[in-house]
Amino acid sequence: MRPVGSDKLLLGGFVALAIGSIALKAVAGPPHDGLTDSRPGQLEDQLQAKLRSQAFVTELHRVRMRTPIVFARRGSCKLSVRDARGGESFVDIFAQDARSFGPVRYLYDGRSYPAMPGIAIRLGRFAAEVQGRLGFGSSAPVPVALASSPACGSSDFGLDDVRIGT
């Protein structure tokens, strides 16, 4: 049987470690991994600016309990673009919301994917957080869901490497 004093000492050590860990996280702030915008609407503003620079007319459609959708039109080419940081849990919702445009593709870090690239996104977030904590990264890639009408062809419209400041 162990003396009661050593149990209290061990418990006190764990409490001190937990408090120290929480304090360090509070001082460091939120992770700089691209999961959150440094200001609200930053991503949607960037998406609209990229598309407008290519002569698209854009409209931001806010959807309750979901990410806003950027609708864009240039001639007979129509696009539905939105933030896909919600991950695989929103794949069916994205497909349903974009069904009149065409199949949804996912654009992330310079590449196009036919399905949500979950592992690539997780690894990218980890790398962005490490770089941000070390002071090397000033932006992080963001996954984007893109659906386009057949008239648009297979272009990514420069949305395949969307990044936000961290």
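Being a predicted model, the structure only gives us computed values, none of them experimental.
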Measure the shortest side-chain to side-chain distance between Leu51 and Leu159 over non-hydrogen atoms and say whether it is less than 4.5 angstrom. yes
Checking Phe157 now: which residues fulfil ring pair (Phe, Tyr, Trp, His ring centres under 6.0 Å) with it, not counting sequence neighbours? Phe56
Can you tell me which residue pairs pass the ring pair (Phe, Tyr, Trp, His ring centres under 6.0 Å) test with a partner in residues 105-125, sequence neighbours excluded? none
Which heavy atom of Met116 sits nearest to which heavy atom of Ala84, and what is that distance? CE-O, 3.6 Å
Just grab all the disulfide bond (SG atoms under 2.5 Å apart) pairs involving residues 62-133, residues at least two apart or on different chains. Cys77-Cys152
Hey, what do you get for CZ (Phe71) to OG (Ser80), rounding to the nearest 0.5 Å? 5.0 Å
Decide whether Phe101 and Val81 are clustered together by the hydrophobic rule: side chain heavy atoms of Ile, Leu, Val, Met, Phe, Trp, Tyr closer than 4.5 Å, transitively. no
By salt bridge (charged side-chain N to carboxylate O under 4.0 Å, His left out), which residues pair with Arg122, not counting sequence neighbours? Glu88
Report yes if the side chains of Val142 and Gln46 come closer than 4.5 Å at any heavy-atom pair, otherwise no. no
If you look only at pairs with a residue in residues 54-75, which of them pass as a salt bridge (Lys or Arg N to Asp or Glu O under 4.0 Å), with sequence neighbours excluded? Arg66-Asp97
Restricting to non-hydrogen atoms, name the atom on Ala128 and the atom on Ala140 that form the minimum distance, rounded to 0.1 Å. CB-CB, 3.7 Å
Side chain to side chain, Lys78 and Ser100, heavy atoms closer than 4.5 Å: no
Distance from Leu47 atom CG to Arg52 atom CZ, nearest 0.5 Å? 11.0 Å
Let me check something: do Leu60 and Leu43 share a hydrophobic cluster, defined by ILVMFWY side-chain heavy atoms less than 4.5 Å apart, either directly or through other members? yes
For Thr67, side-chain contact (heavy atoms from CB on, under 4.5 Å) partners two or more places apart: Arg82, Asp83, Phe94
Below 4.0 angstrom, N of the basic side chain to O of the carboxylate: do Arg163 and Asp161 qualify? yes
Step by step, would you call Leu107 with Val162 a side-chain contact (heavy atoms from CB on, under 4.5 Å)? CA-CA 8 Å; Leu107 311 174; Val162 174; over 6 Å; no
Restricting to non-hydrogen atoms, name the atom on Leu146 and the atom on Ser155 that form the minimum distance, rounded to 0.1 Å. CD2-O, 4.1 Å
What's the separation between atom CG in Leu79 and atom CD1 in Ile69, rounded to the nearest 0.5 Å? 12.5 Å
Ser148 vs Arg105, test: side-chain contact (heavy atoms from CB on, under 4.5 Å). Steps then yes/no. CA-CA 9 Å; Ser148 56; Arg105 296 182 281 146; 3.9 Å; yes
